[in-house]
2 protein chains.
Amino acid sequence: MNKKTTIYDIARALGVTVSTVSRALNNVPTISEATRKLVLDKAKELNYSVNKLASSLSSGKSNTIGVIVPTMQIHFFAEAVHSIEKELKKHNYSLLLYQSNESFEDEVNGVKTLLEAQVDGIIASLSLETQETQHFQEVINQRKCLVIFDRTHKDIPAPVVKLDDFKAGYLATQHLLEQGYKNIAFITTDKEIAIFQDRFHGFEAALKDAQISAREDFIIRGDLSIEAGIKGTEQILKSAIQPDAFIGGDDFTAVGIIQALKTANIAIPATGVIGFANQTFSSFISPTLSSIDQQANKMGEECAKLFLKMVKQKSPYEAIEQIVLDPILIKRKSTNRIDK
Amino acid sequence: MNKKTTIYDIARALGVTVSTVSRALNNVPTISEATRKLVLDKAKELNYSVNKLASSLSSGKSNTIGVIVPTMQIHFFAEAVHSIEKELKKHNYSLLLYQSNESFEDEVNGVKTLLEAQVDGIIASLSLETQETQHFQEVINQRKCLVIFDRTHKDIPAPVVKLDDFKAGYLATQHLLEQGYKNIAFITTDKEIAIFQDRFHGFEAALKDAQISAREDFIIRGDLSIEAGIKGTEQILKSAIQPDAFIGGDDFTAVGIIQALKTANIAIPATGVIGFANQTFSSFISPTLSSIDQQANKMGEECAKLFLKMVKQKSPYEAIEQIVLDPILIKRKSTNRIDK
């Protein structure tokens with residue numbers, strides 16, 4: 001149980017209602033000056049969220065921050081948000097979340113809704129549909145703090161925290177080559193989002209460095225999903241030559257690849273499979289799925305730190321920082337051809 | 001790509017900035033009456049979110065609703081929220097999310113933050129820590145709409161949408177008995193949340209109806225997690241008699257049970273395992289995990305419908321509805337002892 005002082009403790013100690021305490025702490029005018037003083041004194045005595053009180057009384061800020069992510073059903077975003085929350089909570093910020101569900105219009109609406117809700121700033125990762133970015137300019141125009149993470153866009157003049165996605169693609173491919181796989185298929189998205197393009201370029205570079213040329217019929221560009229993984233694999237298996245390894249553009253796609261290989265009675269890891277994003281389920285499925293970890297925790301933490309730094313600055317957009325994190329290769333059974 | 005009219009389309013059509021359009025639509029006083037009329041006319045012409053415009057102009061409501069859930073990392077909540085979003089979007093509501101992370105104090109703060117953000121109402125599911133419920137009374141006092149779902153509390157005088165959890169526990173147990181399992185272990189939580197207690201009572205009732213008495217050393221009350229499932233199973237396996245089936249209080253716990261059984265070289269489904277909540281990973285793991293589906297989609301939909309009904313009423317709390325949904329048994333390989 002939480003041992004921190006709550007407004008209930010203050011109410012109990014003073015014999016007043018919680019609503020009275022809440023009004024006093026929030027400076028609502030319907031409360032008498034005497035009661036307000038009583039509550040504030042007791043709050044101090046009981047050590048109630050002193051920082052939040054002090055800072056919101058002096059600054060007029062809401063101490064609320066908005067976070068926009070495509071969807072919390074992608075484990076990476078759920079984890080990053082959790083980490084942002086943890087870091088900002090230390091500084092008495094509350095976090096309001098908005099899911100764009102990969103829709104541009106919903107994302108525009110999210111920025112508007114959060115600004116209307118009087119947030120002090122927004123931390124956002126873009127939807128797959130987003131190509132225009134003027135809605136984020138409005139955040140900057142209002143002199144509120146904006147940080148963009150993971151799915152970024154070159155046109156937004158705001159600080160960025162992202163992964164080295166080229167390196168992520170390179171690492172995944174290099175690992176397959178080291179395990180002795182040579183004919184590597186890649187099932188990815190046709191969307192022009194930087195992170196997915198960068199992963200693919202990393203794949204091409206690793207092949208080039210190993211003096212292997214990619215086969216065009218081993219590359220599928222469509223959706224990222226279990227279904228896309230199944231269909232892509234079925235299509236690739238119709239080729240004259242069979243690949244000995246598959247890269248899924250994300251772990252969901254990789255799960256589809258595994259299912260299609262099982263259906264076709266192709267043994268894994270004799271044929272290797274690797275994904276991106278290191279979803280929770282990736283360590284549970286059979287065989288366990290190798291993947292690239294995107295450092296969600298670290299990314300959330302860096303976003304929160306950048307935001308807190310900006311809030312303190314007089315001109316938050318004076319020096320725009322860019323933080324690039326290293327991807328981490330997670331080796332599991334689905335690519336374990338030679339290590340025993 | 002989305003074909004709906006956005007504020008960018010209106011701005012482009014009029015040759016003004018997006019910020020001008022936004023100000024005009026939101027009735028910000030710094031805009032001239034002539035410009036405002038121009039924008040509103042063009043918005044109508046292009047069929048831009050006419051309902052939202054009309055309703056927010058006439059009612060003074062924010063058309064924003066707050067949703068509080070313990071964590072979006074529980075698939076059930078992610079799915080329920082997605083379904084609430086989908087339903088409310090049809091009526092031009094925006095949704096702001098707040099995660100309590102199973103903390104009472106965070107939940108209290110969430111209610112406060114959402115009320116300050118001027119939401120028209122709150123849809124909430126309680127944290128594991130929550131025993132007092134006065135913070136929700138504040139929502140009702142402000143005549144805003146409140147709906148509680150899944151994790152409910154008898155002291156909150158608001159409408160409720162929940163699962164028949166007694167039946168969920170009964171169904172899981174009955175299924176095991178029908179598959180010929182007789183010595184059933186149960187690893188659950190020690191928290192006094194109604195849904196977990198009800199599941200357990202359903203388990204006891206199903207055993208009683210089959211004239212089987214539960215063995216006290218087969219019942220573990222602690223946490224719900226993979227680790228708790230592993231430890232609980234290890235402890236139960238030390239008993240003189242071995243159980244032939246295990247129920248996990250949720251699917252994470254059931255995954256732990258499966259891992260511990262594998263480690264002890266006990267074959268599944270010769271020994272059966274079933275969980276609750278039907279997580280995404282439950283159909284991917286090996287063996288696939290039988291579970292009880294909690295109808296997350298239907299639950300979210302019913303929450304949204306109740307909320308929309310309340311918003312239209314003059315006295316939203318006049319007749320307090322309670323909607324109880326049926327659990328659904330999902331049979332998979334982990335309990336498939338006799339069906340082939």
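Quick note on labels: first sequence line is chain A, next is B, and so on, each numbered from 1. Computation of the quantities below employed the complete heavy-atom set of this structure, encompassing side-chain atoms and omitting hydrogens, waters and symmetry-equivalent molecules.
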Bottom line for A/E132: the part with an atom under 4.5 Å from chain B's heavy atoms is side chain
Cut-off 4.5 Å, heavy atoms of chain A, and the answer for B/N101 is side chain
Would you say A/P287 and A/P269 make side-chain contact, with heavy atoms under 4.5 Å? no
Part of B/Q118 lying under 4.5 Å from any heavy atom of chain A: neither
B/V81 portion near chain A, given a 4.5 angstrom heavy-atom threshold: side chain
When the 4.5 angstrom heavy-atom criterion is applied to A/I226 and chain B, the contacting part is side chain
Kindly give the heavy-atom pair with the smallest separation between A/S94 and B/T113, and that separation in Å. OG-OG1, 3.2 Å
Region of B/E85 that comes under 4.5 Å of a non-hydrogen atom in chain A: side chain
From the list A/V67, A/I65, A/L114, side-chain contact (heavy atoms from CB on, under 4.5 Å) with A/I122 holds only for A/L114
Report the C-alpha separation of B/L97 and A/Y98 in whole Å, then their side-chain angles, then the decisive distance to 0.1 Å, and conclude whether the side-chain contact (heavy atoms from CB on, under 4.5 Å) test is met. CA-CA 6 Å; B/L97 257 177; A/Y98 184 93; over 6 Å; no
If you define the side chain from C-beta out and look only at heavy atoms, does anything of A/M72 sit under 4.5 Å from B/Q73? no
Among the listed options A/H135, A/Q134, A/Q137, A/Q279, the residue most often paired with chain B at heavy-atom distances under 4.5 Å: A/Q134
Going by heavy atoms in the side chains, are A/F252 and A/E227 under 4.5 Å from each other? no
So which residue, B/E138, B/Q259, B/Q99, B/E102, ends up with the most heavy-atom pairs under 4.5 Å with chain A? B/Q99
Given a strict heavy-atom distance threshold of 4.5 Å, which part of B/I285 is in contact with chain A: side chain, backbone, both, or neither? both
